[in-house]
Structure formats: C-alpha cells, structure tokens
Amino acid sequence: LDALVPDRLNPMALVLPLSPADPIKTLENSFSLICATAWLDAEHESLNRANHIVSEHQTLAVSLEDLAAGGGLESAYSTGWRYHLRRARLNPSVLAADVCKTETGYVFRQLHEEALSETFHSALTTTGRLARAAQGDYEVRTLHIPGVFVSALWMKDTRADKDFLVPLE
C-alpha cells in the first residue's frame, strides 16, 4: 500500500475514503460471526479500525442493460462497501467482507478469501505506479458488471473527468 502515499516521484494521491457510519456499524454488528467463520484474531471484543481494517472502499455495479443502452460509468449504482480485514495483528493475510446496501439499510453479505484481497491490493499497487495515474487524484472504488462476472478497480478522478478502470482477475 506504499503507492497510496504521494511523494516527489509519485505526486498523485489514491484516496481510500472512510465509509459512512451505517455500513461500518453493520460490520461491527457482524464482527463476532466474521471472527468465528474466518478464524480472525478476536483478541478485541469489537471491531477496531486500526487493528482490523486494512482498507475500505465503495463497491458499485452497472447492468448489462445500461451498458447496451449506451450508459457508461455514470450509470453505475452503489452496492455497498468492501472492507479488507487483517486476520490477526501479526498475520499479514487479509480477507474481504462485503456490506451491501438494501432498501432498509446495510446488511453483511459475504466474506471473500484472501485471493480477492491480494488481487485488489496488487492491482492497487500497480495502478499507483502507472504514469497515467500520476496526472490526478483518484478515489479507489470497485466496479462490478454482474451480467458477465467482470470486476475492475475503478479509479475515480476527484478533480477532472479522467476515470479509468483496471480489470481484476
């Protein structure tokens, strides 16, 4: 995650915004289940951002119908937030937990294995080194196209309209 820190050689900033209170509260309420399911270090009785969350970002989706009708990224809709969770303070492995938006609020949806987090952070590190990314400040998001089972790292330009996508495997 060194690519997230701007410096003289890498002047851009990759922004990993903090999620609003509702999805983080849902994650907190599901934390004991997550610990039991994923063998997370439960030395803390509740979720602690500093000890457990490596990164978090908004997840969005776009339908095939919207794409076929000529829609692009502007037709993407929020599906919730993804939290990358450290298994234990001394264990570098990371899992991803999805908290999804519903009509009545947020719900814990699923836990992903380490490979998804590794793919995400690898793409993020690579993207941070791209010369194209050095031209602006980007909010990190994930975009899904469920109809074709495709996911991408969405680099949302916060200053101009120069968004770009990095496919995730």
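For the single chain, residues carry numbers from 1 onward in sequence order.
- Residues Ala61 and Pro146 approach most closely at CB-CD, 4.3 Å, considering heavy atoms.
- Two residues are said to be in side-chain contact when any heavy atoms from C-beta on lie closer than 4.5 Å; Leu60 and Leu73 fail this criterion.
- The two residues Ala123 and Val166 have their closest heavy-atom pair at CB-CG1, 4.4 Å.
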Step by step, work out the side chain to side chain donor-acceptor pair (under 3.5 Å) result for Thr142 and Thr59.
-> CA-CA 5 Å; Thr142 303; Thr59 57; over 6 Å; no
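- Under the 4.5 Å side-chain heavy-atom criterion for Ile, Leu, Val, Met, Phe, Trp and Tyr, Phe108 and Tyr106 are members of the same hydrophobic cluster.
- Atom NZ of Lys101 has 12 or fewer heavy atoms from other residues, nucleotides or ligands within 6.0 Å.
- Val150 and Leu64 fall within a single hydrophobic cluster, where Ile, Leu, Val, Met, Phe, Trp and Tyr are joined by side-chain heavy atoms under 4.5 Å apart, directly or via other members.
- The backbone N or O of Asp157 sits less than 3.5 Å from a side-chain atom of Asp163, completing a donor-acceptor pair.
- No donor-acceptor distance shorter than 3.5 angstrom exists from the side chain of Glu65 to the backbone of Ser63, with no hydrogens or angles considered.
- The ring of His57 has its center no closer than 6.0 angstrom to the ring center of Tyr83.
- A 4.5 Å side-chain heavy-atom check between Leu143 and Val62 finds at least one atom pair inside the cut-off.
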Side chain to side chain contact (heavy atoms under 4.5 Å, CB included) between Asp22 and Trp81: does it pass, once the steps are laid out?
-> CA-CA 10 Å; Asp22 289 344; Trp81 288 81; over 6 Å; no
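- Taking the six-membered ring where tryptophan is involved, the planes of Tyr138 and Phe164 are perpendicular, since the angle between them exceeds 60° and thus also 30°.
- Of the inter-residue distances, the one linking Cys100 atom SG with Gln110 atom CD reads 7.0 Å to the nearest 0.5 angstrom.
- Taken from CD in Glu56 to CG in Leu27, the straight-line distance is 9.0 Å, to the nearest 0.5 Å.
- In plain terms, the two heavy atoms of Ser75 and Gly71 that are nearest each other are OG-C, 3.8 Å.
- Hydrophobic cluster membership differs between Leu165 and Met155, with clusters built from Ile, Leu, Val, Met, Phe, Trp and Tyr side chains linked at under 4.5 angstrom.
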